[in-house]
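So that the names make sense, note that chain A is the first sequence line, chain B the second, and so on, each numbered from 1.
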Protein chains: 2
Amino acid sequence: MYSKKCTPPSCSPSSYSSSHEEALVVIPCPSQQGSSSQCGEAAAAALSVEEARATANLRIHRQAERRRRERINGHLSTLRRLIPGTTKMDKASLLARVIDHVKDLTRKASDIGKGLMVPSEANEVRVECDGEDNLLIKASVCCEDRPDLFSDLIQAFRALKLTVIEAEIVCVGGRVKNVFILCSRRDGEGSVCLSSLRESMKEALDKIACSGEASGVGYSGKRLRALQQQQYSCYDS
Amino acid sequence: MYSKKCTPPSCSPSSYSSSHEEALVVIPCPSQQGSSSQCGEAAAAALSVEEARATANLRIHRQAERRRRERINGHLSTLRRLIPGTTKMDKASLLARVIDHVKDLTRKASDIGKGLMVPSEANEVRVECDGEDNLLIKASVCCEDRPDLFSDLIQAFRALKLTVIEAEIVCVGGRVKNVFILCSRRDGEGSVCLSSLRESMKEALDKIACSGEASGVGYSGKRLRALQQQQYSCYDS
DNA sequence: CCGCACACGTGAGGC
DNA sequence: TGCCTCACGTGTGCG
């Protein structure tokens, strides 16, 4: 029940067989070929041939194990190649980072599939620092849409010295969800400074999200019903 | 100054087969301690103490190596836990699937950040079967927007006996991108049937996407410029 | 019996 | 020098 047909044949790290090659020489014992007449010798011969077979098996086993090791290490270095910054890293630590990476990507992927990309009913502002290098910041704002919302957000980011790397906009029935990937370009960067940045960001974005709340309302029930009936529309009335 | 020449490396590994707990008892051998009065013994004692230290080092090395192995295998089983369907799978194959998973998730994740969620200039219809169970189908349609586009799509899915699990709509400057997660509820399901389903889906969606092409055009350059200047808007003129 | 996969202990090399 | 990581060969259990 294991291994299936996978066995990527190309996983070999290309440098192979140069270092130690198993010589095919098998029989070091010359003792037992002439002696067919003595029974004691026969026993010895049997034992030695048995030994020879054992060593042959051992040899096969040895190189099989080596192939297995090469397969595993090949996959491991493929992983190293895939995940940036893991070159010349400990094998165990590499696996740890692979785990982190998988978890992270799974979370991201589930975000897109689930409800993240459909603007929710309630206003929502989230600011999270992505990854371990703390360079990228992800900010998402979900609120009622209005003509100058986007430029307001951009201005807020500019005031905080944040560069927009990516922006993602989804609008459904008058509500909008904006997700930004930002990059903070500051001189004395530190985790302390970063947390305060988080706070000011959240404050500013909250203000922007709520500023259009007084004017137009009443979409809630209608929009929800529209969603449930699967009659999405991007068009305002 | 213990004698203890025991534990020669040749000593069979099964000798201390008591599961694996390293007993702290070090000195079982009382063999050559009686003669303390001879000077030749001094050299032997020095040699033996050196040997003893060597074996102690070996012991430390042994259990350190074991810890390392445990760490790696721990991470490996964590990965098994994370990726569904890899229980009791070969270690190398597990790594292969981890690689696939990482590649897949990276692609998906880059999709959300890059161009997937912004309607592209050219019309585009994609149908892909997600995951290994072949139950979920992801269909994305990118085309010029029109009032009844969505209901047309829904009708097409209904005709193909597809249930909409999730829908994601992004509209920018008159163009729209719809991404659907669908579930096929059919009796005799098979990969053959599924590929034909793919074909008919693609055909139907292509028809729908192109049907509004004749009427309104000319957004292209304007929209592209708007995107580059980061002046997104969900509002039609 | 053989192929396969795993865990183990040990030698070698890098700080 | 000591600790750590790695590769290697081998013993062992499973189909």
Quiz item: Nearest nucleotide by nearest heavy atom, which residue falls closer to the 5' end of DNA chain C, E65(A) or E65(B)?
Solution: E65(A)
Self-check item: N73(B) vs R53(A), nearer the 5' end of DNA chain C by closest nucleotide
Solution: R53(A)
What is the distance from [atom1] of [X] to [atom2] of [N], rounded to the nearest Å?
X: M89(A); N: dC4(D); atom1: CE; atom2: P; result: 18 Å
X: R69(A); N: dC8(C); atom1: CZ; atom2: P; result: 15 Å
X: H61(B); N: dG11(C); atom1: NE2; atom2: P; result: 8 Å
X: R59(B); N: dG2(D); atom1: CZ; atom2: P; result: 16 Å
X: D90(B); N: dC14(D); atom1: CG; atom2: C1'; result: 13 Å
X: L95(A); N: dC6(D); atom1: CG; atom2: C1'; result: 14 Å
X: I72(A); N: dC6(C); atom1: CD1; atom2: C1'; result: 9 Å
X: I60(A); N: dC8(D); atom1: CD1; atom2: P; result: 19 Å

Quiz item: Are any side-chain N or O atoms of S93(A) and backbone N or O atoms of M89(A), one a donor and one an acceptor, separated by less than 3.5 Å?
Solution: no
Would you please confirm or rule out a distance under 4.0 Å between OP1 or OP2 of [N] and any side-chain N or O of [X]?
X: R68(A); N: dC6(C); value: yes
X: K91(A); N: dA7(D); value: yes
X: R66(A); N: dA7(D); value: no

Quiz item: Is there a side-chain contact between I154(B) and R158(B) (heavy atoms, below 4.5 Å)?
Solution: yes
Self-check item: Side-chain heavy-atom pair V141(A), V179(A) within 4.5 angstrom cut-off
Solution: no
Exercise. Pick base, sugar-phosphate or nothing for N57(B), based on heavy-atom distances below 4.0 Å to the nucleic acid.
Key: nothing
Quiz item: How is R67(B) classified with respect to the nucleic acid when contacts are heavy atoms under 4.0 Å: base, sugar-phosphate, or nothing?
Solution: nothing
Practice problem: Have a look at the helix from dC2(C)-dG15(D) to dC15(C)-dG2(D) and give the angle its two end axes make, five pairs each, rounded to 10 degrees. | Solution: 0°
Quiz item: Can you check salt bridge (charged side-chain N to carboxylate O under 4.0 Å, His left out) on D90(B) and R71(A), steps first, answer last?
Solution: CA-CA 11 Å; D90(B) 190 11; R71(A) 237 165 41 220; 3.7 Å; yes
Practice problem: Indicate the ring-plane relationship of F150(A) and F180(A), choosing parallel, tilted or perpendicular according to the 30° and 60° boundaries. | Solution: tilted
Quiz item: Testing E199(B), K138(B), R198(B), E203(B) for side chain to side chain contact (heavy atoms under 4.5 Å, CB included) with V127(B), which one passes?
Solution: R198(B)
Quiz prompt | Listed partners of R69(A) passing side-chain contact (heavy atoms from CB on, under 4.5 Å), at least two apart | solution = E65(A), R66(A)
Quiz item: Of the nucleotides dC8(D), dA7(C), dG11(D), which has the atom closest to the L58(A) side chain?
Solution: dG11(D)
Quiz item: So which nucleotide from dT5(D), dT10(D), dA5(C) ends up closest to the side chain of R62(A)?
Solution: dT10(D)
